[in-house]
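Given the structure is predicted, the values throughout are model-derived calculations rather than measurements. Numbers restart at 1 for each chain; the letters A, B, ... are given by sequence-line order, proteins then strands.
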Amino acid sequence: MPPEFEGIRVRMAPSPTGPLHVGTARTSLYNHLLARHTGGTYVLRIEDTDRARSTVEHERDIIDNLHWLGITWDEGPQVAGGDDIGPFGPYRQSQRAELYAAEVQRLLDAGSAYRCYCTPEELEAVHLEQEHRHEPPRYSGRCRDLTDVARAELEAAGRRAAIRFRVPAEVVRFSDLVRGEVEFDNALLGDFVIVRADGAPLYNFVVVVDDAAMHISHVIRGEDHLSNTPKQIAVLRALGYREPVFGHIPLILNPDRSKMSKRKSQTSITAYREQGYLPEAMVNFLAFLGWSPGTEEEVFTLPELADRFEIEHVHKAGAVFDLARLDYLNGVYIRSLTDEQLALRLRPFLPAALEDRTVLAMAPLVKERLVRLGDVTGLVGFLFESDATVATWYEAAELHPKGRGAQDAEQALNRLQAAIEPLPDADWAADLLETRAREVAAEMAWKPGDLFKPLRVAITGRTVSPPLFGSMELLGRDRCMARIDDALRKLEAEPVSASPATDR
RNA sequence: GCCCCCAUCGUCUAGAGGCCUAGGACGCCACCCUUUCAAGGUGGAGAUCACCGGUUCGAAUCCGGUUGGGGGCACCA
């Protein structure tokens, strides 16, 4: 089947040596967008050749989070343990050993690869020497042209061989989708190892074999792979494969403009997910790290992105991961949710004991105040914490109305209490409560805000809260009255010396 | 050290030779709205387009160099 009849085939090749990384997610997203935009095929391949560092937990995390982001693929490993999906499986490198062995043999037979008996210690010594002489660190070529006799001796001595690729000394040029014409002089490269002495095939070899076997037409990956490309082109030529189109997208950066790392930034998608970032916001944000539609629009759903995405419009320079901007976008997406949708998304962040109807009722109160879903507990903690706990959240002085003292606070609470206490449960609603409270304010000739403050602190335990009367409606009559009593008691216990000016 | 890549407000970016006295967004500041906080509205500060030299009637846009930054140089991926 000639590749030209298959359309664009792209792949994502995560390595399960850690949880899904922000950079991997973005690369994955760009590949997905390219496939969807062009009606091509998207392949997921798990690069688990590093058996020491790969774990099933990480693979699980990667796949779960890709799903969470809404990134779908057409071919890939079967997650639930059944068969792989697609005609070019298996899609885990750990299951493709046979192919690798066959291709290594072809390279060996053609003289494009050879056995190397140098030990890691010997190699290390050479590198040190090269460093001293300010020479580029590369393989010396000691085993490059071993005679059969020499080889036999080394093997008799019990030496295990790694297999090195014989790099042709030539200039390699390719046209990069985002960077244009790029050229490297492979004469500067040393012969690199493609199969370790323990028999494990290595990255720069297996990617090439798999990309060819899976008919990958476009290799879109991070810029950190740019310098691997000439090596891979050399291997692919030796194997007689068709050359894919390469595209190296810019890196995502730490605030100091170095490559985004765990050390300096939050890099795992799971961590953002757990804080309550929406996948829609994350996808939108990630897409704009290195790309823009060329217009001033900036809020896009995944299908809209796929519709607009052009790989040619991807930037060359790296982009700093700006958390403030992610926060903003997350707020935009949260506000665009209906109350029902928001309640559903909030559910996992709230105590199970909280009733669904309460969660739904609180949605409009918190919607425009949430940056992350996880912030909800800080906003409505007063609803599910006990009256006693809430009372510990504030000092008596915080009950004082602006510019006033304890006596005023007490008076305010007493009058408010008298005004709302007679309300039956059936009338315990935000609008009525507000009407009563405003009447009290008018009677006392206070600004409403000054009067509401002690009440807010008494009810929610904080000086900053969701809308007061809606909060009271949610809390219910009995608990509100109890909390006003608690506040009054706190005022009584307060040392008289407390100054009215301390409440700012 | 060697190789490669990159360079527009603090950040993400628009910009494909004249539409640019460089536009938008985030962030920041002020004001308005307002029961707090948000959200929203209005306005503002913020970039001699890294620098130097070409090409051109004309350059943020093209070319060269410099500087700065980044990435890569494994029996990791």
Side-chain angles (χ1 to χ4, degrees), chain A residues 13-18 47-50 52-54 93 116 118-120 123-124 127 130-131 133-139 160-164 176 178-179 182-186 188-190 192-200 202-204 206-207 222-231 248 250-251 253 255-259 285 288-299 315-329 331 335 366-371 379 402 434 437-438 441 447-453 455-457 460 462-469:
Chain A
S15 178
T17 52
E47 306 235 315
D48 56 351
T49 55
D50 187 340
R53 293 193 300 148
S54 297
Q93 291 187 326
C116 170
C118 299
T119 64
L123 263 15
E124 178 62 20
H127 280 178
Q130 287 168 330
E131 210 166 289
R133 285 186 301 216
H134 299 290
E135 284 172 15
R138 56 172 155 160
Y139 180 60
R160 304 245 283 154
I163 297 174
R164 281 185 190 273
D176 190 283
V178 351
R179 270 145 232 288
V182 183
E183 74 171 52
F184 287 85
D185 186 356
N186 273 8
L188 268 20
L189 253 39
F192 54 91
V193 174
I194 55 175
V195 179
R196 293 204 311 210
D198 67 5
L202 262 20
Y203 173 74
N204 279 125
V206 293
V207 249
E223 194 197 326
D224 46 349
H225 284 291
L226 192 56
S227 49
N228 283 327
T229 307
K231 292 182 190 173
H248 290 90
L251 263 17
L253 277 22
D256 66 4
R257 305 203 73 88
S258 57
K259 179 164 87 164
F285 173 71
F288 275 70
L289 247 33
W291 174 84
S292 100
T295 64
E296 285 176 358
E297 304 155 275
E298 55 186 8
V299 178
H315 275 240
K316 296 176 181 174
V320 173
F321 188 97
D322 182 8
L323 193 60
R325 197 178 175 80
L326 208 212
D327 283 346
Y328 161 76
L329 267 178
R335 275 173 251 126
V366 299
K367 192 187 284 181
E368 54 194 31
R369 272 158 262 266
L370 288 175
V371 173
L379 244 32
K402 187 179 178 187
E434 179 169 355
R438 284 185 187 278
K447 289 204 293 191
D450 292 343
L451 179 69
F452 297 168
K453 185 190 167 187
L455 185 57
R456 179 188 309 284
V457 173
T460 69
R462 321 228 111 119
T463 55
V464 170
S465 80
L468 178 55
F469 303 104

What contact category does [X] fall into here, base, sugar-phosphate, or nothing, at under 4.0 angstrom with non-hydrogen atoms?
{"X": "A/L468", "value": "base"}
{"X": "A/T17", "value": "nothing"}
{"X": "A/H248", "value": "nothing"}
{"X": "A/C118", "value": "base"}
{"X": "A/T460", "value": "nothing"}
{"X": "A/Q130", "value": "nothing"}
{"X": "A/P137", "value": "base"}
{"X": "A/Y203", "value": "base"}
{"X": "A/P14", "value": "nothing"}
{"X": "A/A197", "value": "base"}
{"X": "A/R138", "value": "nothing"}
{"X": "A/G222", "value": "nothing"}
{"X": "A/D327", "value": "nothing"}
{"X": "A/P250", "value": "nothing"}

Phosphate OP1/OP2 of [N]: any [X] side-chain N/O under 4.0 Å:
{"X": "A/S292", "N": "B/A14", "answer": "yes"}
{"X": "A/R179", "N": "B/C4", "answer": "no"}
{"X": "A/K453", "N": "B/U36", "answer": "no"}
{"X": "A/H315", "N": "B/A7", "answer": "no"}
{"X": "A/K259", "N": "B/G72", "answer": "yes"}
{"X": "A/R335", "N": "B/G40", "answer": "yes"}
{"X": "A/S258", "N": "B/G71", "answer": "no"}
{"X": "A/R257", "N": "B/G68", "answer": "no"}
{"X": "A/R369", "N": "B/G40", "answer": "no"}

Any donor and acceptor pair, going by atom type alone, linking the side chain of [X] with main-chain N or O of [Y] inside 3.5 Å?
{"X": "A/E368", "Y": "A/R335", "result": "no"}
{"X": "A/S15", "Y": "A/E47", "result": "yes"}
{"X": "A/R325", "Y": "A/F285", "result": "no"}
{"X": "A/D327", "Y": "A/V371", "result": "no"}
{"X": "A/S292", "Y": "A/F288", "result": "no"}

Which whole-number value in Å describes the distance from [X] [atom1] to [N] [atom2]?
{"X": "A/L323", "N": "B/C26", "atom1": "CG", "atom2": "P", "value": "16 Å"}
{"X": "A/E223", "N": "B/A7", "atom1": "CD", "atom2": "P", "value": "10 Å"}
{"X": "A/L289", "N": "B/A25", "atom1": "CG", "atom2": "P", "value": "19 Å"}
{"X": "A/F321", "N": "B/U11", "atom1": "CZ", "atom2": "P", "value": "16 Å"}
{"X": "A/K231", "N": "B/C4", "atom1": "NZ", "atom2": "P", "value": "15 Å"}
{"X": "A/H225", "N": "B/G71", "atom1": "NE2", "atom2": "C1'", "value": "11 Å"}

Can you tell me how the ring of A/F469 sits relative to the ring of A/F452, calling it parallel under 30°, perpendicular over 60° and tilted otherwise?
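Perpendicular, since the angle between the ring planes exceeds 60°.
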Under 3.5 Å on both distances, the Watson-Crick or G-U partner of [N]:
{"N": "B/C73", "answer": "B/G1"}
{"N": "B/C28", "answer": "B/G44"}
{"N": "B/C62", "answer": "B/G54"}
{"N": "B/A7", "answer": "B/U67"}
{"N": "B/A38", "answer": "none"}

Distance in Å, A/Y203 OH paired with A/K231 NZ, rounded so as to fall on 0.5 Å steps
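The NZ atom of A/K231 is 10.0 Å from OH of A/Y203, to the nearest 0.5 Å.
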Toward the 5' end of RNA chain B, which comes first, A/L370 or A/W291, by nearest nucleotide?
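Its nearest nucleotide lies further toward 5', so the answer is A/W291.
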Assign each of A/G449 and A/A13 to its nearest nucleotide of RNA chain B by heavy atoms, then name whichever residue's nucleotide is nearer the 5' end.
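The residue whose closest nucleotide sits nearer the 5' end is A/G449.
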Distance between the P atoms of B/G53 and B/U11, in whole angstroms?
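The same atom, P, in both gives a distance of 26 Å.
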P atom, B/A16 versus B/C33: distance in rounded Å?
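Each nucleotide's P atom is 42 Å from the other's.
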Classify the side chain of A/R325 and the base of B/A25 as holding, or not holding, a donor-acceptor pair under 3.5 Å.
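Per atom types, the contact qualifies.
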Has the side chain of A/R456 got a donor or acceptor that lies under 3.5 Å from a partner of the other kind on the base of B/U35?
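Side chain to base: pair present.
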